[in-house]
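First the structure, in the form of structure tokens, and then the observations on it.
Note that the numbering runs from 1 along the sequence shown for the chain.
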Amino acid sequence: MADPATYRPAPGEIPDAPGVYRFRDEHGRVVYVGKAKSLRSRLNSYFQDLAALHPRTQQMVTTAASVQWTVVGTEVEALALEYSWIKEFDPRFNVKYRDDKSYPYLAVTMADEVPRVQVMRGARRKGTRYFGPYAHAWAIRETVDLLLRVFPVRTCSAGVFKRARQQGRPCLLGYIDKCSAPCVGRISTDDHHRLAQDFCDFMAGDTARFTRRLTAAMKEAAAELDYERAARLRDDVATLQKATERNAVVLPDGTDADVFALAGDELEAAVQVFHVRDGRIRGQRGWVVEKVEDLQDADLVEHLLQQVYGSEDGGDGGTGAVPREVLVPVLPTDVEQVQTWLSGLRGSRVQVRVPQRGDKRELAATVHRNAEHALVLHRTRRAGDLTSRSQALREIQEALDLPTAPLRIECYDVSHNQGTYQSASMVVFEDGLARKSEYRLFSVRGPEGQGARDDTAAMHEVITRRFRRYLADRAQSNDLELADVDEDDAPRSGPVDEATGRPVRFAYPPNLVVVDGGPPQVAAAAAALAELGIDDVALCGLAKRLEEVWLPGEDYPVVLQRTSEGLYLLQRVRDEAHRFAITAHRRRRSKGMTVSALDDVPGLGPARQAALLKHFGSVKRLRAASVEEVASVRGMGRRTAEAVLAALAGPSAAPAADGPSDQHVDPPADLHADPDAVPGAPSRVDADPAGMLEA
């Protein structure tokens, strides 16, 4: 725990100007980002008597070890830069609004040659128009099913569309007139694109134009005595009216607005927003936030608007775009700057205000009731989990005699099959929750590149590689602010330019390292840390047989109660590392046991192997082909074609049946059996920017 006086800037160093500031801990990690009209006044408020600070502010300034700032020209620039840094660094002490669920959207892929209507979740894509969010995916499908009668836009996947185009026969929706069948040329791509545009215009609220057009066409058909066509158009008009009535009019003046409401206490708050377009509720979203910083409702609203409208993924036509009005329960602290910022995003004036009377105030009250219900539901679901996580970290701290609670825990496990395909995993838990973006995989090499001699040697290698990389990243960080240190290696406060790079991934260590195993594995990990000179990282091992916790150099284990929340957390961490290691091992083993007669051909990679098999259908037909036929395959040359036929005709070429030559050998059972693993279940393998995952 740092003393704020040790890194307090000199009084004359802090400028009396607008800007954004960052507090960093002793490892250079950003723990808090804020903005101020006057940096001097705001930063001096953090270095007053600790007893006068809010408890959460006390925890932040004692966790930090340095503070830096960037001066900007206006308060609007400070608002935008603050949001950018919060999004980039994900500071621990900043309020972060997270969706309480993954909301589905109705998406139209207008950037595609043949646009598609579909239900979509997650990150938004460029060139796609979004409508929603909706509370349930079935609500989107019901709406789309109604509108396909009038706007028969493609809804099939890329595979179905490609197969229908190859076969020259549309899918079922094409036969029942709920798709215009662009796959078989019933409609041109340009006409289909215009049809998708009409669909988007209708969903965006321009409903009257299509109703009038269909009504006029219906009357014209009736006048021409074409009663069958008139009946179909009558049903189309009824369909549009039915789809329109699904969204009841709540504001009769056709208002475009987002209505926000807050409900909470000193520890957490629930946020609800109704997206109103053309007087109708088009979508609803909700967040629940833990108040990790001392903020009033006005500050919470300001941060909320930053995070809702600050991202660039608000596609046109959807409710993520900035509306003309933003109705909030309390005006933000700097409402003029917020309005200027939002107006710049929209391209026209945006008004942020509190509804005082009439329909808008009644709608705001409805949104507030929804926020209260969401908070009650959140507390019901999460109260036990939040309490147990805090209790688990506290029990681990007390049992292992740690100076602080282990907020970051890393666990390592090794998996192999009789010494082959040795793989190791590193999983990370922060604040008692899995941080899957920080997971890493290792291919154990051993001193001669053939793997380690046993589990202890493998554990020693993995710990050495991970913390050697940590030391290298800390010493050779490309973050200029991390290099800005005094002679005693303590972070130094001072003015800095706006950072452009992301934080280094391994520039800070865990609070606790857990290894899967007993005293031998713990001793190997302790030896690796000692060889690297690392003595500020706690270490323990969790043996599976009796669930004992082993510490380095101890003759007897630490025994936690079976009902202990701390033991339960350690078991979850260990089991996650075990699952991740076995998944990597099985993947490597399966890949290594899949062999092909084409693997031994020099210069023939996977892409050209696939091209040959696709062209000829099997190795048997490839072996019977001539050099000229093989060379005619895209990507092949005569020399490579001769090498392929020579390899297949040689004595090492095994006879192949009529079909692809790949043979898969059933692998033996794992040395580390996982009775809880589901065979073939998908698992996440994250990218390895640190270079730890080796082929």
Side-chain angles (χ1 to χ4, degrees), residues 158-159 161-163 165-168 415-424 441-453 458 461 465 581-671 679-680 682-683 685-689 691-695:
F161 183 82
K162 182 179 179 181
R163 184 164 60 249
R165 174 175 285 179
Q166 291 174 344
Q167 295 175 349
S415 180
H416 58 86
N417 183 57
Q418 299 179 356
T420 61
Y421 305 109
Q422 296 179 8
S423 302
L441 293 173
F442 300 80
S443 294
V444 181
R445 297 190 293 259
E448 299 178 358
Q450 302 298 321
R453 67 178 184 275
E461 176 185 328
R465 287 166 58 186
I582 279 188
T583 300
H585 163 69
R586 287 174 176 168
R587 186 178 297 106
R588 289 187 61 202
R589 186 186 61 194
S590 298
K591 184 177 179 181
M593 290 186 175
T594 301
V595 296
S596 171
L598 300 176
D599 289 342
D600 297 331
V601 179
L604 192 66
R608 290 201 285 185
Q609 287 186 27
L612 287 173
L613 290 175
K614 181 179 180 181
H615 185 272
F616 290 100
S618 68
V619 174
K620 180 179 180 180
R621 295 192 182 97
L622 175 60
R623 185 182 289 113
S626 64
V627 174
E628 290 74 14
E629 291 174 336
V630 177
S632 66
V633 178
R634 184 177 181 181
M636 300 292 296
R638 185 174 182 84
R639 182 177 300 177
T640 306
E642 293 173 349
V644 169
L645 294 179
L648 294 178
S652 61
D658 188 18
S661 65
D662 286 350
Q663 299 178 6
H664 185 75
V665 182
D666 288 334
D670 282 321
L671 180 62
S683 64
V685 179
D686 293 298
D688 185 39
M692 292 183 173
L693 179 58
E694 310 233 343

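A distance-only check finds a donor-acceptor pair linking the side chain of E461 to the backbone of R445 [under 3.5 Å].
Residues T640 and R608 have side chains in contact (heavy-atom distance under 4.5 Å, counting atoms from C-beta outward).
Scored by the salt bridge (charged side-chain N to carboxylate O under 4.0 Å, His left out) test, E642 finds R638 as partners (sequence neighbours excluded). Listed by chain and residue number, nothing satisfies the side-chain contact (heavy atoms from CB on, under 4.5 Å) test with R639 (two or more places apart in sequence, or in another chain). Residues satisfying the side-chain contact (heavy atoms from CB on, under 4.5 Å) test with Q166, not counting sequence neighbours, are K162.
How far CZ of R634 is from NZ of K614: 10.0 Å, rounded to the nearest 0.5 Å. To the nearest 0.5 angstrom, E629 atom CD is 10.0 Å from L622 atom CG.
Between M636 and V630 the shortest heavy-atom distance is CB-O, 3.6 Å. The two residues A631 and A641 make their nearest non-hydrogen contact at N-CB, 3.7 Å. Shown here for A458 and V444, the closest heavy-atom pair between the two residues is CB-CG1, 3.9 Å. Here the shortest heavy-atom pairing between L645 and A625 reads CD1-O, 3.7 Å.
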